[in-house]
Every structure is written in structure tokens, then in C-alpha cells.
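Have a look at the structure below, then the notes.
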Amino acid sequence: MSQALCDLPAHLLMHRLRRGEITAVEILEATLARIEAVEGHPPSSEPYTPSPEDRQKVHAYLTLTAERARAQAESVDRALAAGEDPGPLAGVPLAVKDLFCVRGTPSTAGSRILERFIAPYSATPVARLEAAGAITVGKTNLDEFAFGSSNEATAYFPSPGNPWDPKRVPGGSSGGSAAAVAAGEATISLGTDTAGSIRQPAAFCGVVGLKPTYGRVSRYGLIAFASSLDCPGPIARDVRDAALMLKVIAGADHHDATAAEAPVQDYLAGLEQGVKGLRIGLSPDYYRLKYPEQGSGELREQPIGKEIEAAALRAADALADAGAEIVEDVPLPNTHYGIPAYFVISRVEAASNLHRYDGVKYGYRYEGTVADLFELYRKTRGRGFGPQVKLRILMGMYVSAEQYEKGYYEKALRVRTVIRRDFEAAFDPGGPYRLDCLLTPTTPTTAFELGAVYGDSVLMQYADLLTVPANHAGIPGLSIPAGLDSNDLPIGVQFLGPDFSEGLLLRVGRAYELATEGEAWRSVRPRVLEGV
Amino acid sequence: MSKTEGRGTGALSREVFDHLVELAALALEVEEAAYLLREMNGQLEAIRELEAIEVDEGVPITSHGVPYREAIRPPLREDEIQACDEAEDILEQAPELEDRYVVVPDIPHTELE
């Protein structure tokens, strides 16, 4: 049963599809059957009482678009029957994070304030995936406006559970996306990464997540969080699928002035070239971490979990055996300022982006009587936004207000420069380290229990400690599964490289997959699939 | 939401908080306001870490990580009119519509000095 169509990677599905062994409709039906088996009842914005049954299911989706998907799958099958090329992702079931507009579908951003919003157009990366033949199965749950690292900050409950242990979080904010791919409820997913929102849930759910270089993938049609940090990117079962997906979504877009004109590489062409001669760096600054102690909230230097450290070092050994040169003790001294700087920059940008939601033009409007327009704004925003959104708006206004701000915003933007310089020095071809990429753990911990952190907004933010520096610097990062901890929870490691080095990161990730192909942990399946 | 209840009251006064809430146009429940004020003070403590880092005045700011060199910077678009095919779909999103106008409650008038 482990070879059900919905458990196969996209490149194998397409291989079989093109040989006429299976149809796109069969792939879709297998995926819908899996959703039926593991998903549980659909989330809603009504008051929610947690139930034990809910914690055995995944709850990845906010909206299923089965009819739309069937029409797409039939059209792929028709194209194949007519001898036409149905595209590089033909028939591959796709889950879209509900932060992207998809024409004719509810596009909620996980917020009540967009509960009634039906997108009148599709985001560029979604349109490109659909044009390549991908089949949109549905829209996945997320932290409201992507503000969170556990998916518990959604307005729609039950929030997603981790397929490896549904009593634990899938990570966030692309939690539903990573959970759907891990549980066979979609083959690929489109997520976004502002501080780690692709890589952290990918690590927690044992799948591959790629945050591309800022500007590599268009943000047109993405509901904005922090515009200078947001990066759409792939979540997939393996590195080859992530490469396939990136090749389709990357590239210039006249709808987005920040989408870079840099040529798109053929990410598949160099995938199997191996790591011989590559210089891969390890930095002590990703192992000695300063983060708040749970309970007291005091910032303390704490070592990263031993099992996570061991997994990253094992990955370095495997790559060394495959021919890479491992460079130790690479200094990245400003890593731990990533979170404080992010607290400032992301809040200022979020507050600015959220002013547009007012109950007038679209989305939720307060239903009761109001005295005037201003009261309508206050009541609509008061009821439409959840607590984590309000917190970001207020914080963003505080740290950017001239009378209060104490220079924090400007300081944060300068700190961003020194974080970028750390990476530039490590990758500098004329410098002492001359790295092709860095290898680090993706997260300080494996998936934590639902309710264990949510509410403590400071501790929750530190879940992004190891991922946020890449967002400040704009550089790409690829998280891949690298083993299981003693609770059978996935551990992720990430590769970070210079601007537009996605091809190289994918190649290193693929080399790691090959080097660890026969390891026992690779045959362990998520708990939610037991008996399915 | 009570995980952080015991933490210090911090630097942000209730008065400043209320002013921000007014500017942000947010109607808040009492309990929610207490949570938000407490968390803001917690975040401010984390932000104060920034004071510890010595950044030379000459260090420029970074507004986004990747430098947009000439070669990868998209050219400015021509300033030309393009038809919008989705006008009706967009209008339909408005919670209240009358003859293609969006309906809102009274707009309070303020006399300019």
C-alpha cells in the first residue's frame, strides 16, 4: 500500500502517466480518497471546542476544489490522448497555501476578515503551475496572514495536525501545505517563506521545502505579509520534485516589479552532478543559540538539541564521503540578531499591508449597527482580525511611529545589512571560506505539541531562529529531511547559498538523498497513515 | 493566552497603547487588550537586543536582501491603459453595493482649521 499513487513523487507519476500506465483522473481520485481517509472534518471559523478525535486527523485543507480539479485532470487526459504535450507538471495534485489568490476560490489568508472573499484572479505562481498541468486539489490552512510558526494562529479550527503525530503542530505558517504533502493529500504544494514558513513546516513534517532567492518567484496574487521578505516556493516529497516545481514558477513577471529578470536555470539538468569538490560550511553560530527560556521568558544561550545537532553532522559526513570538502568554524556572528531585527521589520511592513482591510471593498464587514464609518472600521477589524494579527499591527505602528520608535526601525535595517555581510563573507570566492553553501539545522527543535507554545508570541517567534537570517539576506535556502528523532519525529537540515544558487542547493540536496537512500528512517511512514 | 501572565509590565504604558489602538482602528475586548499589551512588552524586550549590537553609522540600511543590479532589474513598464476584464467580479466582492457604488455608513465630517 506504500506505493499508492498519492504517495509517489511527481516525477514518477508523470513518467507513468506519459507511458499510458495511469491517468490524471486516477491520480486525482487516489488523492481525494486519501483526503477522505485522513483529513477529518473541515475547519470553520465558528467557536471551536477541541475534541480527541480531531487530534487523530490532519485537517490540512480550508477549501477543497474537487470539481475544478476533476475538470483539470480530464483535460490533461484528453491532451495526452490527442498526443499533445500536457505540460511539465501534468496531472500532479497541487495544494495551494490559502495566502494565494486562485480565481473563483475562497482566498482567506486564514483570517475571518477575508472569509467571504472570492479571488477574481489567480496569483502568477499558481497560474504557471496550472498552465504546466498541475491539478489544484484545494487551499491549505495557515497561520492567519502567515503570522506564526505552528499554524495555531489560524481563524479556522481544527488547526492542522502533524501527520507524524497529530497531537503536535505541523509548523507554520505553511503548516497545512507541508502536512498535506507528508500525508499524501497532495503531491506538491505552493507555500511562502517570510521567516521560515516553508522550511520550518517542511522540517517538522519530513518533506522538502525551498525558499528561493527574494525576487526569484513573483509575488503577484500573494496576499502580502512583509513585502521585503515574502518568497513563494515549493514544498515537495523529494528534491527532484522541488526542482521541477521551481523551474515552472520562477522568472520575471510584468505584474511584479520585484520579480528579478535573472535567467531561470534548468534546475533538473545539473541535479545528479554530485558534490565532488564543493565547499560546504558549518557554523558554530547555528548550534549555540540564544533564545527565551520557556516560562520565565529570559533570553539565555542554550545548545541546540543533541539529536538535531547529530543529524546535521551526519549529513556533513555523508556529503564528505560523497566528495564534498567540509569547512568548519565559519563565523556568522550576527545570526542571533535575526529575530530581534525581524520583530521590527516584519511588524512595520505587516501593519502597513493590513491597513487595507476595512470591511468596505471586500471580505468581512461587521454585521451590527454602527454610528459612522470609523466605528465600522474599528468593529470590522476588531472582529475580523485574530490576536496575533492585532499584535503585529500594534507593534508595527509602535516601532515605526516617530514619537515612540527610538531608532529601532533604522537600526533593524542596518542589522539586516550586517547579517547579509556575514553570508557574503562566507560565500566570497576571494575570501578565506570560499563556500559553495552552508549546511545548518533547519529548526532548534522538532515538532512541538499543540498548545505548548501558542500564546507566547516571543518564544513562538524564536522557532524561526535558524531560518530568518536567509530572509533578511534574501538568499535561498533548501530544507530536506535528515532523519527522525527518538519520538519518530522528522528532523530537517537546510542548505543556504548565495543569491540565485537554487540549482546548486538542489544538487547538494539530491546528493544527500542518494547518499542516504538505503537508511532505515527513509522507510518509516507518518503515523496518520497507519492502517490507511 | 495566560502563558506569559506573570511577566513584567514593561515600558509600554497603557496610554500609549490606547493611542496605538485608536490609530490602528481596532475595537478590543478588555481581556484581549491586556494580552496584547503584555505581549508587546515581551517583544520590546527581545527588540532591545538590537541596542547591544554595535553597527557603524556608515553601514547602509538594507531594505531588501538582494541587490537589484541593472542586469536583473525589471524595466519600468510603459504607461499605458489596460482594460480590466474582472471589474464585475471585483465589485461583487463588496459587502454592500448599490448601482455599482459601494455603500458605507455616514462619514464623520471634521472642520479644517
Side-chain angles (χ1 to χ4, degrees), chain A residues 117-118 120-121 213-215 228 252 254 257 259-262 297 299 334 337 339-341 343-344 359-362 365 370 372-374 376-379 381-382 385 387 390-391 393-395 397-399 404 408 410-418 420 455-458 472-475 499, chain B residues 1-4 6-7 12 16-17 20-29 32 35-37 39-40 42-53 55-56 59-68 71-77 86 89-90 92-96 102 104-108:
Chain A
F117 176 63
I118 306 290
Y121 68 105
T213 309
Y214 181 78
S228 81
H254 70 275
E261 297 273 318
L299 275 174
N334 295 297
Y337 295 112
I339 294 293
F343 264 127
V344 176
V360 171
K361 304 177 291 295
Y362 48 82
R365 174 187 279 201
V370 290
D372 59 33
L373 183 62
F374 292 158
L376 177 77
Y377 291 160
R378 283 193 296 270
K379 288 273 169 70
R381 289 163 63 85
F385 289 138
K390 290 168 182 160
L391 190 50
I393 294 173
L394 292 170
M395 209 52 209
M397 295 183 75
Y398 179 70
V399 293
Y404 305 133
Y408 284 137
E410 205 180 300
K411 183 77 180 262
L413 293 176
R414 285 186 210 285
V415 168
R416 200 170 171 182
T417 305
V418 297
R420 170 134 179 129
D456 184 341
S457 66
V458 179
H472 284 307
I475 61 168
D499 298 344
Chain B
M1 280 190 196
S2 57
K3 280 191 190 73
T4 54
R7 293 193 190 158
L12 190 64
V16 170
F17 177 80
L20 292 168
V21 171
E22 177 65 24
L23 290 175
L26 291 170
L28 300 180
E29 306 288 335
E32 193 182 22
Y35 169 75
L36 293 171
L37 178 56
E39 291 302 310
M40 285 178 77
Q43 296 191 5
L44 278 172
E45 268 175 48
I47 289 170
R48 266 187 218 108
E49 278 279 284
L50 290 175
E51 289 170 8
I53 173 171
V55 182
D56 195 66
V59 171
I61 62 163
T62 291
S63 50
H64 51 72
V66 179
Y68 277 74
I72 64 163
R73 195 185 314 137
L76 290 175
R77 282 179 295 184
E86 299 93 12
D89 291 346
I90 293 168
E92 261 176 41
Q93 300 296 321
E96 200 179 342
V102 175
V104 295
D106 279 347
I107 301 169

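None of these values were measured; they are calculated from a predicted model. Below, chains carry the letters A, B, ... as their sequence lines are ordered, and counting in each starts from 1.
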Gap between atom CE of A:Met395 and atom CG of B:Leu44 - 0.5 Å precision: 3.5 Å
Exam field: side chain B:Gln43 to backbone A:Val458, donor-acceptor pair closer than 3.5 Å: no
Part of B:Ala71 lying under 4.5 Å from any heavy atom of chain A: backbone
Point-to-point distance, once rounded to the nearest 0.5 Å, from CD of B:Glu22 to CZ of A:Phe374: 9.5 Å
Residue among A:Leu376, A:Val360, A:Val418 with most heavy-atom pairs under 4.5 Å to chain B: A:Val360
Taking every non-hydrogen atom, the tightest pair across A:Tyr398 and B:Met40: CB-CE, 4.2 Å
Contact leader toward chain A among B:Ala94, B:Pro75, B:Pro74, where contacts are heavy-atom pairs under 4.5 Å: B:Pro74
Interchain contact, B:Arg77 with chain A, by part (heavy-atom threshold 4.5 Å): side chain
Parallel, tilted or perpendicular: ring planes of B:His64 versus A:Tyr214, cut at 30 and 60 degrees: parallel
Beyond-backbone contact of A:Ser228 with B:Thr62, side-chain heavy atoms, under 4.5 angstrom: no
Closest contact, heavy atoms only, B:Ala24 versus A:Met397: CB-SD, 3.4 Å
With A:Arg365 via salt bridge (Lys or Arg N to Asp or Glu O under 4.0 Å) - residues at least two apart: B:Glu96
Max heavy-atom pair count under 4.5 Å with chain B, selected residue of A:Ala341, A:Gly215, A:Ala252: A:Ala341
Reported CZ-to-CG distance for the pair A:Arg381 and B:Leu28, which is rounded to 0.5 angstrom: 11.0 Å
Nearest atoms (heavy-atom pairs only) where B:Tyr35 meets A:Gly455: OH-O, 2.7 Å
Structural part of A:Arg420 lying under 4.5 Å from a heavy atom of chain B: side chain
Engaged part of B:Glu92 at the chain A interface, taking heavy atoms whose separation is under 4.5 Å: neither
A:Thr417 side chain reached by B:Val55 side chain, heavy atoms, under 4.5 Å: no
Any donor-acceptor pair under 3.5 Å from A:Lys411 side chain to B:Leu50 backbone: yes
For B:Glu29, salt bridge (Lys or Arg N to Asp or Glu O under 4.0 Å) partners two or more places apart: none
Chain A contact via B:Val59 - which portion, at a heavy-atom distance below 4.5 Å: both
Any donor-acceptor pair under 3.5 Å from B:Glu49 side chain to A:Pro340 backbone: no
Contact summary for B:Pro95 and A:Gly359, nearest pair of heavy atoms: CG-O, 3.6 Å
Nearest heavy-atom neighbours spanning A:Asp372 and B:Pro105: C-CB, 3.9 Å
Among the listed options A:Leu394, A:Asp499, A:Ile339, the residue most often paired with chain B at heavy-atom distances under 4.5 Å: A:Leu394
Over all atoms of both residues, closest heavy-atom pair of A:Pro387 and B:Leu36: O-CD2, 3.5 Å
Segment of A:Leu391 engaging chain B (4.5 angstrom heavy-atom cut-off): both
Atom group of A:Ile393 that falls short of 4.5 Å from chain B, counting heavy atoms: side chain
Donor-acceptor contact below 3.5 Å, side chain A:Arg416 vs main chain B:Ile61: no
Option that, when pairs with chain B are counted at under 4.5 Å, heavy atom only, ranks first among A:Tyr337, A:Tyr121, A:Phe117: A:Tyr337
Spacing of A:Tyr377 atom OH and B:Leu26 atom CG [to the nearest 0.5 Å]: 13.5 Å
Contact origin within A:Ala473 toward chain B - heavy atom pairs under 4.5 Å: backbone
